[in-house]
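Okay, structure first, notes after.
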Amino acid sequence: MFLALREEVEGALESALAALEYPTDDLGIEEPPEDVESVLASSVAFRLAGEAGAAPPQVAGQLADEIDADELTYVAAVQTQGPYLNFLPSDAYLAMTLETATEADYGHLDDREESVVVEHTSANPTGPVHVGRARNPIIGDAVASLLDAAGYDVERHYYVNDAGRQIATFTWAYETFDEEDLEDEPERDRTEYDLVRYYRKGNAFLEDGPEEEVEDAEAEIEAIMQGLEEGDEEAYDRVSEVVDQVLGGMTECLARLPAEFDEFVKETRFMRNGDTNELVDRLQELDEAVYEDDAWQLELDDHGIDKNLVFLRSDGTTLYTTRDLAHHEWKFENYDRAVTVLGEDHKLQADQLGQTLELLGNDTDQLENVIFSWVNLPGGLGMSTRKGTGVDLDDLLDEAIDRAREEVEDRLDDRIRDDDLDEADIERIAHQVGIGAVRYDIVSKQATKAITFEWDQALDFEAQSAPYVQYVHARCCGILEEAGFDPTEPLAAAGQEESLDFDAIDADRLETPAEQDLLETIARFPAVIDEAASDLEPHQIATYTREFADRFNGFYRECPVLADDVDPEVRETRLALVAASKHTIANALSVLGVAAPRSM
RNA sequence: GGGCGCGUAGCUCAGUGGACAGAGUUCUUGGUUCCGGACCAAGAUGUCGCGGGUUCAAAUCCCGUCGCGCCCGCCA
């Protein structure tokens with residue numbers, strides 16, 4: 001509803017400016033500070049002062065007089081406060097917000113009939129997912145959900161590097177060493193923990209092993225890569241045996257978040273179908289192509305990138321980026337937009353990729369990157385699969401769930417609500433809260449900011465954390481349940497024993513500032529989705545959930561819903577407000593990938 | 001050395017041209033006859049890294065500078 005209000009205000013302001021013969025190119029629309037009564041404001045009078053030969057407050061006055069609020073649906077009045085124009089919401093605005101927000105999919109914008117492929121994580125299938133990588137699936141999944149909520153047709157892809165040197169090395173190591181050659185037991189009973197030991201062993205051997213044997217090993221690795229390049233089925237099968245097993249384990253880990261994918265796209269696919277070879281031919285035709293040091297390269301200096309992009313090694317094999325070019329052209333053929341979530345260490349590669357795609361004649365406007373900074377351990381330590389340093393995501397999630405379970409059990413005795421949580425409830429809540437806290441901690445921060453990972457901070461259940469927001473959802477559910485609804489079903493669903501009496505619901509009855517603030521905050525939700533989606537910044541949703549929770553708690557404190565002395569029509573209207581709140585917060589949490597518990 | 005990103009309260013972070021720069025955390029105090037106390041209320045801390053500039057208006061834009069991170073491989 002906020003979007004409709006904004007449109008109406010823009011229209012009204014534009015005609016007022018035109019009527020007074022002022023320029024209409026910049027309306028100066030902004031959201032007012034919290035203590036101002038209006039829901040939308042304009043600072044346009046500042047810019048007009050010179051031209052009008054009058055002080056900004058007077059210009060604002062002229063404009064306010066020119067706009068007839070009676071002709072507007074969502075605006076009750078236009079007031080000035082110094083140089084600012086303030087637009088106050090009408091009862092109709094609040095009433096319509098209340099009505100639309102009681103729909104279960106509130107906040108989901110209209111279908112844009114535009115497809116987007118969101119590629120995220122795409123971690124090399126070499127071993128367990130560690131916390132350094134966890135930012136990718138968490139942000140990526142949220143970006144995908146956000147675009148979905150914003151009305152795009154979204155597919156989530158994991159691009160599998162199954163053709164690089166690392167994988168050839170892994171394959172060689174897996175085939176060469178035996179269980180008894182390995183020094184350590186697997187850290188966990190799952191394939192990637194088992195197999196990563198071969199990878200680490202292989203890398204250590206290549207570094208410190210006897211010179212002759214290392215040479216033999218490197219020849220074997222080279223042979224695997226050549227085989228893949230030639231589309232040799234045997235090489236593919238050998239590599240797949242490692243890749244599929246490790247990837248299977250990693251997928252199980254990611255599913256715990258949960259981060260799930262519509263498709264795992266293997267890069268060998270673009271070698272086997274000939275796309276990569278064809279692409280190499282086209283690259284060689286470019287003016288920027290040079291053959292230097294026995295390798296084919298692209299000189300991108302004239303395009304602002306001073307590092308050459310090597311696309312064909314001297315041994316005739318392709319590189320990651322070469323295959324990724326074919327991959328992206330495939331994306332462009334099949335989707336309207338392509339969004340890639342990647343770490344800042346891939347920035348240069350991404351720039352080269354984009355520039356080269358442009359040279360190949362693609363429209364790169366449809367390609368966008370979400371780049372996030374690395375997660376470090378305290379003390380500046382990095383995380384590495386090859387070296388085996390870092391915190392495994394599985395361990396983080398286990399720890400989070402354990403701490404959440406302790407928390408639930410500690411709180412069991414002094415619960416006010418008498419709803420007898422059983423073992424299954426405790427386990428459910430421990431998972432929802434524990435994993436939710438981890439995700440929220442990561443998704444609520446701007447992707448470009450570096451993070452130092454600290455247990456206590458990530459797993460703080462109070463403060464600006466997932467549980468704080470989840471608690472609001474549980475409170476909503478508690479009230480609705482008390483009133484006879486099944487909070488797990490949409491409020492309008494046929495299965496509900498009770499139903500909201502829409503005749504008795506009237507936004508006019510929401511008289512207190514707390515109720516109106518809450519409703520105005522609910523009204524902004526679709527606009528927040530719209531804005532966050534166009535910026536590809538899911539943390540804006542997290543910021544909104546916190547603000548929303550504050551407003552709801554204010555309402556909860558001031559306005560009883562089910563108390564005996566509440567007028568029945570007020571009760572019904574407040575109940576609708578709670579229902580709207582429940583859908584708003586549930587849908588916001590869903591975008592973030594954080595569970596919305598019905599009790600906790 | 002070059003490119004990119006970041007620098008806001010003791011700490012973790014919002015805010016990226018407009019209304020007095022905001023939350024949480026921490027500390028103290030108070031709050032449940034009443035829908036859920038993982039909650040709420042009250043109390044305060046800032047050279048927005050630093051220096052210039054543009055503007056009626058700068059944490060926000062521009063230039064310079066310092067600090068931190070990432071990248072600068074025929075790895076991914």
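Keep in mind that what you see is a predicted model, and the values were worked out from it rather than measured.
Residue contacts shown for Thr321(A) are absent, as no nucleic acid heavy atom lies under 4.0 Å away. As judged by a 4.0 angstrom heavy-atom cut-off over every strand, Val578(A) is placed among residues making no nucleic acid contact. The residue Asn86(A) sits close to a base: some heavy atom pair falls under 4.0 Å. Across all strands, Ala542(A) comes closer than 4.0 Å to no nucleic acid atom at all (heavy-atom distances). Looking at heavy-atom distances under 4.0 Å, His346(A) makes contact with a base. Across all strands, Pro83(A) comes closer than 4.0 Å to no nucleic acid atom at all (heavy-atom distances). Residue contacts shown for Cys476(A) are absent, as no nucleic acid heavy atom lies under 4.0 Å away. At the heavy-atom level, Arg557(A) lies under 4.0 Å from the strands shown only through sugar-phosphate atoms. Residue Arg571(A) is out of contact with every strand shown, counting any heavy-atom pair closer than 4.0 Å. Residue Val472(A) is classed as having no contact, given no heavy-atom separation below 4.0 Å to the nucleic acid.
In this model, the phosphate group of C40(B) is approached by a side-chain N or O of Tyr468(A) to a distance below 4.0 Å at OP1 or OP2. For His473(A) and G36(B), the shortest distance from a side-chain N or O to OP1 or OP2 is not below 4.0 Å. In this structure, Asn124(A) does not reach the A76(B) phosphate: none of its side-chain N or O atoms is under 4.0 Å from OP1 or OP2. For the pair Arg475(A) and G37(B), the criterion of a side-chain N or O lying under 4.0 Å from OP1 or OP2 is met. Residue Tyr556(A) has a polar side-chain atom (N or O) positioned under 4.0 Å from OP1 or OP2 of G37(B). Contact annotation: Arg546(A) side-chain N/O to A23(B) OP1/OP2 distance is not under 4.0 Å.
Between Tyr159(A) and His327(A), the ring center distance clears the sub-6.0 Å criterion.
The partner of G43(B) is C27(B), judged by Watson-Crick or G-U wobble contacts that both fall below 3.5 Å. Judged by Watson-Crick or G-U wobble contacts below 3.5 Å, the nucleotide C56(B) has G18(B) as its partner. Partner assigned to A38(B) is none, using Watson-Crick or G-U wobble distances below 3.5 angstrom. With a cut-off of 3.5 Å on both Watson-Crick or G-U wobble distances, the partner of C50(B) is given as G64(B). Within the shown strands, C4(B) is the pairing partner of G69(B) under the Watson-Crick or G-U definition, both distances less than 3.5 Å.
When the side chain to side chain contact (heavy atoms under 4.5 Å, CB included) test is applied to Glu515(A), the partners found at least two apart in sequence or on another chain are Leu510(A), Thr512(A), Phe555(A), Cys559(A), Arg574(A), Leu577(A). Considering only residues two or more places apart in sequence or on other chains, Arg546(A) meets the salt bridge (Lys or Arg N to Asp or Glu O under 4.0 Å) condition with none of them. Residues meeting the side chain to side chain contact (heavy atoms under 4.5 Å, CB included) test with Ala163(A), sequence neighbours left out: Leu228(A), Glu267(A), Thr268(A), Met271(A), Arg323(A). When the side chain to side chain contact (heavy atoms under 4.5 Å, CB included) test is applied to Val310(A), the partners found at least two apart in sequence or on another chain are Ala295(A), Gln297(A), Leu319(A). Not a single salt bridge (Lys or Arg N to Asp or Glu O under 4.0 Å) links Arg571(A) to another residue, sequence neighbours left out. When the side chain to side chain contact (heavy atoms under 4.5 Å, CB included) test is applied to Glu547(A), the partners found at least two apart in sequence or on another chain are Arg524(A).
Screening residues 40-59 of chain A for salt bridge (charged side-chain N to carboxylate O under 4.0 Å, His left out) gives Asp26(A)-Arg47(A) as the qualifying pairs, with residues at least two apart or on separate chains.
Taking atom C1' on both nucleotides, G24(B) is separated from C62(B) by 34 Å, rounded to a whole Å. Here, G5(B) and A9(B) have their P atoms 22 Å apart, quoted to the whole Å. Separation of the P atoms belonging to A57(B) and U12(B) is 34 Å when rounded to the nearest angstrom. Taking the P atoms as reference points, G10(B) lies 31 Å from C71(B), given to the whole Å. Distance check on atom C1': C34(B) versus U28(B) gives 28 Å, rounded to whole Å. Taking atom C1' on both G15(B) and A23(B), the two are 10 Å apart, rounded to the nearest angstrom.
For the residue pair Tyr199(A) and Asn124(A), no side-chain donor N or O sits within less than 3.5 Å of a side-chain acceptor on the partner. Looking at Gln62(A) and Tyr22(A), their side chains do bring a donor and an acceptor atom within 3.5 Å of each other. For Ser38(A) and Asn86(A), the side-chain atoms include at least one donor-acceptor pair closer than 3.5 Å. At a cut-off of 3.5 Å, with distance as the only test, a side-chain donor of Ser122(A) or Glu119(A) sits close to an acceptor on the other residue. The closest side-chain donor-acceptor pair between Arg428(A) and Ser599(A) falls under 3.5 angstrom. Asn161(A) and Gln166(A) share no donor-acceptor pair across their side chains, judged by distance under 3.5 Å alone.
Residues from residues 310-320 of chain A lying near RNA chain B, meaning a heavy-atom separation below 4.0 Å, are Val310(A), Arg313(A), Ser314(A), Leu319(A), Tyr320(A) in numerical order. Against RNA chain B, the stretch residues 44-61 of chain A makes heavy-atom approaches under 4.0 Å through Phe46(A), Arg47(A).
With distances taken from any side-chain atom of Asn161(A) to the nucleotides C35(B), A76(B), G36(B), the minimum falls on A76(B). In the set C40(B), A76(B), C35(B), the nucleotide with an atom closest to the side chain of Gln166(A) is A76(B). Here G73(B) is the nucleotide among G2(B), A38(B), G73(B) with the atom lying nearest to any side-chain atom of Lys307(A). With A38(B), G36(B), C72(B) as the candidates, the nucleotide lying closest to the side chain of Val408(A) is A38(B). Nearest to the side-chain atoms of Ile429(A) among the listed nucleotides A14(B), A38(B), C70(B) stands A38(B).
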Distance-only criterion, 3.5 Å: show the donor-acceptor pairs between side-chain atoms of residues 340-356 of chain A and protein atoms not counting sequence neighbours.
| from | atom 1 | to | atom 2 | distance (Å) |
| --- | --- | --- | --- | --- |
| Gln352(A) | NE2 | Lys307(A) | O | 3.2 |
| Thr356(A) | OG1 | Gln352(A) | O | 2.7 |

Where do N or O atoms of nucleotides 5-9 of chain B meet protein N or O atoms at under 3.5 Å, pair by pair?
| from | atom 1 | to | atom 2 | distance (Å) |
| --- | --- | --- | --- | --- |
| G7(B) | OP1 | Lys449(A) | NZ | 2.8 |

Using side-chain hydrogen bond (donor to acceptor under 3.5 Å, both in side chains), reason through Thr545(A) and Tyr440(A) one step at a time and then give a plain yes or no. CA-CA 11 Å; Thr545(A) 60; Tyr440(A) 195 91; 2.8 Å; yes

Start with the C-alpha gap between Gln226(A) and Glu229(A), add the side-chain angles, then the distance that decides, and say whether side-chain hydrogen bond (donor to acceptor under 3.5 Å, both in side chains) holds. CA-CA 5 Å; Gln226(A) 288 289 352; Glu229(A) 202 66 39; over 6 Å; no

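Checked by distance alone, Asp35(A) brings a side-chain donor or acceptor within 3.5 Å of a matching partner on the base of C20(B).
In this structure, Leu309(A) places its CG atom 11 Å from P of A76(B), rounding to the nearest Å.
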Contact string for nucleotides 25-30 of chain B, one letter per nucleotide 5' to 3', B = base within protein heavy-atom range under 4.0 Å, S = sugar-phosphate only, - = neither, reads S-----

